[in-house]
Amino acid sequence: MPTANKFSVSRYAPERGPMAKLTARDSVLRRLDWPILLSSLALSFLGALLVWSATRNRTTLNQGDPYYFLARHALNTGIGLVLMIGTIWLGHRTLRGAVPVLYGLSLVLILAVLTPLGATINGAHAWIVIGGGFSLQPSEFVKITIILVMAMLLATRVDAGDLAHPDHRTVVKSLCLAAAPMGIVMLMPDLGSVMVMVVIVLGVLLASGASNRWVFGLLASGVGGAVLIWQLGVLDEYQINRFAAFANPELDPAGVGYNTNQARIAIGSGGLTGSGLFKGSQTTGQFVPEQQTDFVFTVAGEELGFVGAGLILVLLGVILWRACVIARETTELYGTIVCAGIIAWFAFQSFENIGMTLGIMPVAGLPLPFVSYGGSSMFAVWIAVGLLQSIKVQRPLSA
């Protein structure tokens, strides 16, 4: 006898085409989650200013054009918006049927990184150079794939009303499908992305209603796996040095500890209101490496101060809050799991990125969502916003 649960009865109108037809009164624009959209746009706009400030004087990076990175950041944001619109138009339920294809494509892309097509940037062999100054980091899109494939498996029988929560066999299948791309990404090695994927898996399992034994078991396995990886020497020397510098910031202040030390100096010098946009001495003097990508938050701390840095945190908080609201209000377990995976992804990656600039987390090479320069990251986070909006848009007004 099927067990009743809040996801057993579908309250959705039948769909005809990629997205359910909506009445004029109930238009797509009316049903969008505007706090998420406006916060994401504001973060991207702030990111463009910060990236511009960090790169306008760096002639070795901008090819002599002070607007080089500003233009590309704006282009990446524009493409991201198009991807978001496309995701909303297709709908998360249509994409649910395409998950096997998306999963296979993700595996092909990350395997291509391990071939001569792959390129090493900032110590990680995690990129595919497309040409024309553009490159692709497939691991960013793997985060989305893991969320979708696990959500599809864990929610199928629950949404159909057959089960109250995912059974153990289904959990094992979903974990195996998530582990395959994570293992390949680890070989690159891209430890930062793997850390995010692990947190995504935990968030998905918690939202799915699976037994807590799985969560505790994964945490214990993660600790054991980390020790094993360390003992087997899987990590590259630069990654080991990053953890060593985190444990002891004074270990090598002119070497592996240089980035974090300069980052703290930059943020600390900003005070309450900052030195003013384009007026930061650390930023203008180019003392902080990778300031347009991993350490972009230092520009906000120095030039916009506590107020500007706090605004970034508030905007990220709004996105996470609204995503939680959407997850709670959807009547499909599939939608809830997708939201939970995105929440775990955005929350941990933001915490890690900002934490490493403050010295409370090890340097892991993770971008700040919407703010850091980088096409792959920008595309992935806007696709995630599209998924959140699709779940919100296709929820009936009575839900």
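Not measured: the values here are computed from a predicted model. In this chain, residues are counted from 1 in sequence order.
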Heavy-atom pair with the smallest gap, counting every atom of [X] and [Y]:
X	Y	result
I147	G341	CD1-C, 3.5 Å
T273	V307	CG2-CG2, 4.5 Å
A126	Q137	O-CG, 3.5 Å
N62	Y68	O-CB, 3.5 Å
G209	P166	C-CD, 4.2 Å
A263	V288	N-CG2, 4.4 Å

If we ignore hydrogens and angles and just use 3.5 Å, is the side chain of [X] paired with the main-chain N or O of [Y] as donor and acceptor?
X	Y	value
N57	T284	no
T115	A112	yes
S39	I36	no
T87	G386	no
T330	I326	no

Going by heavy atoms in the side chains, are [X] and [Y] under 4.5 Å from each other?
X	Y	answer
F295	Q262	no
L114	I184	yes
D294	L366	no
P181	I146	yes
I337	M150	no
L46	L315	yes
V113	P138	yes
E290	V296	no

Mind checking whether [X] and [Y] sit in one hydrophobic cluster, side chains of I, L, V, M, F, W, Y counted as touching below 4.5 Å?
X	Y	value
M186	L175	yes
L117	L105	no
L75	V129	no
I85	W382	yes
V385	V82	no

Q: Compute the centroid of each ring, for F370 and then for F346, and state whether the two points are separated by less than 6.0 Å.
A: yes
(Q) For the aromatic rings, using the six-membered ring if either is Trp, is the centroid distance between Y67 and W52 under 6.0 Å? (A) yes
Could you grab the distance from atom [atom1] of [X] to atom [atom2] of [Y], nearest 0.5 Å is fine?
X	Y	atom1	atom2	value
I360	R264	CD1	CZ	10.5 Å
Y103	M152	OH	CE	10.0 Å
L272	L304	CG	CG	12.0 Å
S174	R169	OG	CZ	13.5 Å
S44	L49	OG	CG	11.0 Å
I383	I144	CD1	CD1	4.5 Å

Can a side-chain donor-acceptor contact be found between [Y] and [X] if the only test is distance below 3.5 angstrom?
X	Y	result
S139	D190	yes
T298	Q291	yes
H92	E332	yes

**Q.** Among S53, S275, S269, side-chain hydrogen bond (donor to acceptor under 3.5 Å, both in side chains) partner for E303
**A.**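 It is S53, the one option of S53, S275, S269 that forms the side-chain hydrogen bond (donor to acceptor under 3.5 Å, both in side chains) with E303.
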Q: Check the pair L154, L205 against side chain to side chain contact (heavy atoms under 4.5 Å, CB included), reporting the backbone distance first and the verdict last.
A: CA-CA 8 Å; L154 294 170; L205 285 180; 4.2 Å; yes
**Q.** Worked verdict on E140 versus F379 for side chain to side chain contact (heavy atoms under 4.5 Å, CB included)
**A.** CA-CA 9 Å; E140 290 293 335; F379 303 158; over 6 Å; no
(Q) Quick test of your reading of the model: are D33 and K392 salt-bridged, counting only N-O distances below 4.0 Å? (A) no
Q.
I'd like to know if K279 pairs up with E302 as an ion pair, taking the criterion as any Lys NZ or Arg NE/NH1/NH2 lying under 4.0 Å from an Asp or Glu carboxylate oxygen.
A. no
Q) Do we get R72 above Y373's six-membered ring, with its NZ or CZ under 6.0 Å from the centre and within 45° of the axis? A)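 No; the conditions do not both hold, so R72 does not lie above the ring face of Y373.
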Q | Working for side-chain hydrogen bond (donor to acceptor under 3.5 Å, both in side chains), residues S350 and N353 | A | CA-CA 5 Å; S350 299; N353 177 277; over 6 Å; no
Q: Test side chain to side chain contact (heavy atoms under 4.5 Å, CB included) on L109 and F141 and set out the steps.
A: CA-CA 10 Å; L109 285 175; F141 303 101; 5.6 Å; no
Q | Check against side chain to side chain contact (heavy atoms under 4.5 Å, CB included), L333 and H165 | A | CA-CA 9 Å; L333 179 58; H165 51 76; over 6 Å; no
(Q) Does atom CZ (F278) have a neighbourhood of more than 12 heavy atoms from anything else shown, all under 6.0 Å? (A) yes
Q: Start with the C-alpha distance between R58 and T60, add both sets of side-chain angles, then the distance that settles side-chain hydrogen bond (donor to acceptor under 3.5 Å, both in side chains), and finish with yes or no.
A: CA-CA 5 Å; R58 301 201 177 195; T60 56; over 6 Å; no
Q | Single hit among L43, V371, L311 for side-chain contact (heavy atoms from CB on, under 4.5 Å) with L316 | A | L43
